[in-house]
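Naming: A, B, ... by sequence-line order, numbering from 1 per chain.
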Amino acid sequence: MESLIDLDYNSEDLCIYLYLLNEIIKEKDFKPYFYINSTDKEQILEFLKDYEKKHKLDSEITKMIEKIETVKKIVFDQDYQEKELSKVTVKYPNNVKTVREILMEFERLYEYDIPFIRRYMIDNKVIPTSNWDFKNNKLIDNKIPEFKTVSFDIEVYCHKGPDPKKDPIIMASFSSKGHNVVVSTKKFDHDKLEYVKDEKELIKRIIEILKDYDIIYTYNGDNFDFPYLKKRAEVFGLELKLGKNDEKIKITKGGMNSKSYIPGRVHIDLYPIARRLLNLTKYRLENVTEALFDVKKVDVGHENIPKMWDKLDETLVEYSYQDAYYTQRIGEQFLPLEIMFSRVVNQSLYDINRMSSSQMVEYLLLKNSYNKGVIAPNRPSGKEYQKRIRSSYEGGYVKEPIKGIHEDIVSMDFLSLYPSIIMSHNLSPETIDCDCCNNEENEEEILGHKFCKKNIGIIPKTLMDLIDRRKSVKKILREKAKNNEFDEEYQILDYEQRSIKVLANSHYGYLAFPMARWYSRDCAEITTHLGRQYIQKTIEEAENFGFKVIYADTDGFYSKWANGEKLTKDELLEKTKTFLKTINDKLPGEMELEFEGYFKRGIFVTKKKYALIDENEKITVKGLEVVRRDWSNVSKNTQKSVLNALLKEGNVENAKKVIQDTIKELKDGKVNKEDLLIHTQLTKRIEDYKTTSPHVEVAKKIMKSGNRVNTGDVISYIITSGNKSISERAEPIETAKDYDTNYYIENQILPPVIRLMEALGITKDELKDSKKQITLHHFLK
DNA sequence: AAAATAGGGAGCGACA
DNA sequence: TGTCGCTCCCTATTTT
């Protein structure tokens with residue numbers, strides 16, 4: 001019983017190494033290949049020989065060819081017809097590039113750009129990380145094996161941005177089950193400390209420790225820890241032979257990002273996963289730790305590290321240790337989901353860790369396509385890609401809300417609207433206007449297109465498989481829940497159904513993703529078009545039934561009972577149930593409208609901006625300034641308190657008081673400086689901005705003071721007093737001499753709360769008038 | 001991926 | 001000639 005955790009092509013042994021938990025299988029038979037749109041073997045060879053002659057090469061190219069054979073396949077790009085073409089197999093993976101570049105001039109090629117080990121995973125059955133019987137090539141069970149996991153983090157002695165040429169690594173921390181250690185080149189008084197005499201010894205020790213583990217977690221290790229460690233190792237003439245079989249670490253650079261790969265182990269960088277899975281305003285390790293565990297990590301600030309090091313301050317050791325400790329905990333939290341993605345998509349954990357959801361969908365489609373004997377469409381050329389990027393289409397429907405406060409609200413939404421539309425209408429790039437159903441009668445046209453009635457397309461088919469699998473997993477989960485069996489298997493299955501949901505929901509985005517092989521703008525457009533039809537029709541039906549729809553966005557709506565009578569909550573929910581049954585009987589099989597929630601009160605401000613409170617006094621805020629990062633805390637806190645007063649207490653007077661109190665605090669200079677900070681992201685390089693804006697001006701000021709600013713950084717600033725433009729008065733917290741009270745009152749406090757009040761019909765003047773008592777029921781609609 | 005809101009800057013005409 | 005107010009453009013962010 002064994003488990004595949006990684007695989008790599010070994011260029012010394014000239015074969016694929018399948019790294020199992022406790023052994024290595026050498027796969028010598030699998031060879032790289034691609035397809036060419038020609039059945040004439042001789043002509044293909046002739047073309048290669050001509051090339052050799054022309055470039056004065058000894059049969060170097062033809063030697064790369066292992067074999068050329070005729071195969072019968074359905075070619076996706078050629079009207080989905082079965083036809084004969086040639087499969088060109090070459091001897092080694094790096095031959096593919098050479099041979100394909102020559103043959104491209106001869107005929108059209110297919111599947112020539114799939115990395116070799118990914119190709120292996122597409123063509124073979126083995127499911128990564130499962131318990132797999134390699135003798136009989138079949139699954140034993142789905143349990144997650146006992147991996148030895150460790151987290152790893154380094155600290156560097158530097159005053160400015162770390163420079164690997166001169167700034168030494170001073171500490172390395174590790175955390176695993178039962179082993180937490182900070183290896184340091186100085187002696188500190190701390191129970192986790194392990195002392196080594198110099199940096200060279202430290203690097204040796206890092207290698208020694210990491211080589212004990214199957215999975216290594218880092219936070220941004222792809223771009224920082226490993227590349228830095230490698231450069232420092234070079235300084236001492238050391239090699240990072242971290243692989244299972246003493247292979248060297250492979251650091252590859254692609255554009256802005258690099259990847260750090262350790263053969264036979266799995267390096268999991270948690271930073272990209274956190275960005276993908278969590279919805280936060282900042283993604284530094286401390287933000288993620290706080291979001292997941294509600295703990296504030298010890299923070300020392302990078303600029304203080306050298307000082308603390310020189311003074312032998314143990315806080316530095318604690319800081320380094322906590323970095324590793326929380327990295328490990330975040331890793332344990334994310335690993336199961338990554339494992340499930342890896343199993344469902346059938347690609348290695350390392351690759352899955354670095355794939356976007358569109359890429360995962362693509363590899364799932366490649367696998368399904370291979371299993372059906374279909375040759376996948378090619379990725380777009382530069383010109384085609386540009387065309388795709390420019391083309392745009394209409395998206396979801398958003399209904400103008402009935403502004404103001406409403407009570408007894410029921411929300412209903414479609415269960416996976418877009419996936420169910422794609423399935424029920426068979427939307428796929430090869431089913432759109434297919435040849436096989438062209439002359440059939442009674443075919444409905446959608447935006448001038450017809451969809452195949454005979455064969456299920458690859459996109460809907462892949463979706464159906466996912467949905468079916470999810471349904472059966474959820475069925476087992478329900479059974480287990482009934483029997484109170486919340487055991488390990490329950491957790492695994494729960495992660496499985498979650499990963500499937502993510503993949504299913506990514507198919508619509510994939511259709512519109514410009515780099516996609518199975519791109520189809522028309523299918524994407526038709527998906528949203530049908531989505532708009534379904535939601536609008538459903539709103540109509542709901543209103544005919546007796547509901548009043550307050551607001552709707554894309555796949556769901558908020559409504560209340562409008563038939564004059566006042567219903568109790570139970571009566572309202574009963575009506576909802578009856579309505580859902582009626583509507584679901586009319587909808588296609590795959591589609592389902594469901595009850596989402598009951599709210600005792602809600603305030604709707606504009607499209608995409610509203611707040612609701614449920615029976616447990618839980619407030620949900622959407623789109624309002626409270627949930628945006630580019631508003632200061634004073635502003636957000638005030639709006640939050642006002643919302644509280646309105647939704648919880650139903651008290652307009654209290655809301656007014658909150659506003660007046662904050663204004664007083666601002667005028668008295670009692671507001672904390674941090675709470676005045678406005679955070680805005682730099683989304684491009686400073687020189688690329690066409691207009692002046694506060695955050696860009698601040699970025700320039702930061703650069704002038706000698707600090708680095710990168711694209712993607714979040715710039716924080718305070719608006720100081722004066723009479724120049726706002727941009728000119730924006731300052732980083734360190735240099736902000738004061739703050740502009742008037743700006744914060746007029747531009748930060750008032751606009752967000754006035755918008756709330758105006759939704760209730762209270763004017764600015766009424767807000768200022770403290771004599772007139774206003775109660776909420778004046779505004780209930 | 002599109003829909004949508006909103007702030008700040010810049011340009012422009014009206015007006016004193 | 002300065003400034004007010006309107007409108008348009010650019011930019012950031014969120015919701016689905």
Side-chain angles (χ1 to χ4, degrees), chain A residues 279-282 356-358 361 388-401 403 411 413-419 421 505-516 519-521 523-529 531-532 534-535 551-558 596 604-612 620-632 635-636 639 678-686 688-699 711-715 717 719 723-730 743 746-748 750-752 754-756 758-759:
Chain A
N279 185 18
L280 307 175
T281 45
K282 287 183 184 172
S356 65
S357 43
S358 278
V361 169
R388 289 180 181 187
I389 271 196
R390 278 194 298 270
S391 86
S392 141
Y393 57 92
E394 210 177 321
Y397 167 74
V398 187
K399 184 184 155 67
E400 189 66 46
K403 294 190 170 99
S411 71
D413 62 4
F414 280 99
L415 195 74
S416 310
L417 179 68
Y418 289 168
I421 286 174
N505 286 335
S506 305
H507 278 64
Y508 156 70
Y510 176 81
L511 282 171
F513 171 50
M515 277 300 282
Y519 171 89
S520 173
R521 198 204 87 120
C523 289
E525 184 174 16
I526 287 166
T527 307
T528 58
H529 170 80
R532 287 194 305 276
Y534 281 114
I535 189 75
Y551 174 62
D553 187 348
T554 311
D555 64 352
F557 61 86
Y558 295 90
E596 202 240 328
F604 291 80
V605 181
T606 58
K607 287 177 175 180
K608 301 198 189 278
K609 295 197 172 195
Y610 57 94
L612 298 150
T620 314
V621 184
K622 298 287 180 182
L624 291 168
E625 287 74 9
V626 189
V627 298
R628 294 177 64 100
R629 87 164 139 208
D630 54 351
W631 285 85
S632 62
S635 166
K636 295 202 278 189
Q639 197 189 38
I678 298 163
H679 312 277
T680 317
Q681 192 184 28
L682 270 187
T683 58
K684 45 190 157 194
R685 290 178 307 174
I686 289 176
D688 293 341
Y689 280 89
K690 290 176 189 162
T691 50
T692 36
S693 52
H695 70 299
V696 181
E697 295 310 302
V698 174
T711 304
D713 285 358
V714 175
I715 309 292
Y717 54 92
I719 305 300
N723 33 14
K724 289 191 245 166
S725 75
I726 293 166
S727 289
E728 285 169 287
R729 288 187 280 129
Y743 172 86
E746 293 294 331
N747 300 36
Q748 289 281 320
L750 289 178
I754 282 178
R755 277 193 277 274
L756 290 183
E758 273 178 352

>> So A:F557, base contact, sugar-phosphate only, or nothing? Heavy-atom distance under 4.0 Å.
In response: nothing
>> Using a 4.0 Å heavy-atom cut-off, does A:Y397 contact any base of the nucleic acid, only the sugar-phosphate backbone, or nothing at all?
In response: nothing
> Rounded to whole angstroms, how far apart are CD on A:Q639 and C1' on C:dT14?
Replying inline: 13 Å
>> Need to verify one output field. Residue with the more 5' nearest nucleotide on DNA chain B, A:Y743 or A:P514?
In response: A:P514
> Do A:T680 and A:Y717 get their side chains close enough for a donor-acceptor pair, meaning under 3.5 Å?
Replying inline: yes
>> Please confirm whether the ring centroid of A:F604 lies under 6.0 Å from the ring centroid of A:Y558.
In response: yes
> Can you find a donor-acceptor N/O pair under 3.5 angstrom joining the side chain of A:R629 to the base of C:dT13?
Replying inline: no
> With a non-hydrogen cut-off below 4.0 angstrom, is A:R755 in contact with a base, only sugar-phosphate, or nothing?
Replying inline: sugar-phosphate
> Does the salt bridge (Lys or Arg N to Asp or Glu O under 4.0 Å) test come out yes or no for A:D553 and A:K607, once each step is laid out?
Replying inline: CA-CA 8 Å; A:D553 187 348; A:K607 287 177 175 180; over 6 Å; no
> For A:D688 and C:dT11, what is the distance between atoms CG and C1' respectively, to the nearest whole Å?
Replying inline: 13 Å
> Within this structure, what is the NZ-to-P distance between A:K622 and C:dT15, rounded to whole angstrom?
Replying inline: 6 Å
> Got a donor-acceptor contact below 3.5 angstrom from the A:S416 side chain to the A:P419 backbone?
Replying inline: no
>> What's A:K608 touching, base or sugar-phosphate or nothing? Going by heavy atoms closer than 4.0 Å.
In response: base
> Atom CD1 of A:I726 to atom P of C:dA12: distance rounded to whole Å?
Replying inline: 16 Å
>> Just N and O in the side chain of A:Y610: are any of them under 4.0 Å from OP1 or OP2 of C:dT16?
In response: yes
> Just checking A:S392: base, sugar-phosphate only, or nothing, at a heavy-atom cut-off of under 4.0 Å?
Replying inline: sugar-phosphate
> Base, sugar-phosphate, or nothing for A:K399, non-hydrogen atoms under 4.0 angstrom?
Replying inline: nothing
> Please give, in whole Å, the distance from C:dT13 P to A:K609 NZ?
Replying inline: 13 Å
> How is A:Y508 classified with respect to the nucleic acid when contacts are heavy atoms under 4.0 Å: base, sugar-phosphate, or nothing?
Replying inline: nothing
> Would you say the side-chain atoms of A:S411 and A:E596 include a donor-acceptor pair closer than 3.5 Å?
Replying inline: yes
>> Whether A:K607 contacts C:dT14 is assessed here as follows: a side-chain N or O lying under 4.0 Å from the phosphate OP1 or OP2. Is that the case?
In response: no
>> Can you measure A:Y558 atom OH to C:dT15 atom P for me and round it to whole angstrom units?
In response: 10 Å
> Would one find a side-chain N or O of A:H695 under 4.0 angstrom from OP1 or OP2 of C:dA12?
Replying inline: yes
> Looking for any heavy atom pair under 4.0 Å, which part of the strands does A:V627 touch: base, sugar-phosphate only, or nothing?
Replying inline: sugar-phosphate
> Does A:Y689 have its ring centroid less than 6.0 Å away from the ring centroid of A:H695?
Replying inline: yes
> Where does the chain A footprint on DNA chain B start and end, counting 5' to 3' with a 4.0 Å heavy-atom cut-off?
Replying inline: B:dA1 to B:dA10
> Rounded to whole angstroms, how far apart are CG on A:D555 and P on C:dT16?
Replying inline: 8 Å
>> Is it the case that the ring center of A:Y551 lies less than 6.0 angstrom away from the ring center of A:Y610?
In response: yes
> What does A:T683 touch in the nucleic acid at a heavy-atom separation under 4.0 angstrom: a base, only the sugar-phosphate, or nothing?
Replying inline: sugar-phosphate
> Between atom NZ in A:K684 and atom C1' in C:dC10, what is the gap in whole Å?
Replying inline: 7 Å
>> Quick one: does any side-chain atom of A:R388 pair with a main-chain N or O of A:A512 as donor and acceptor, under 3.5 Å?
In response: no
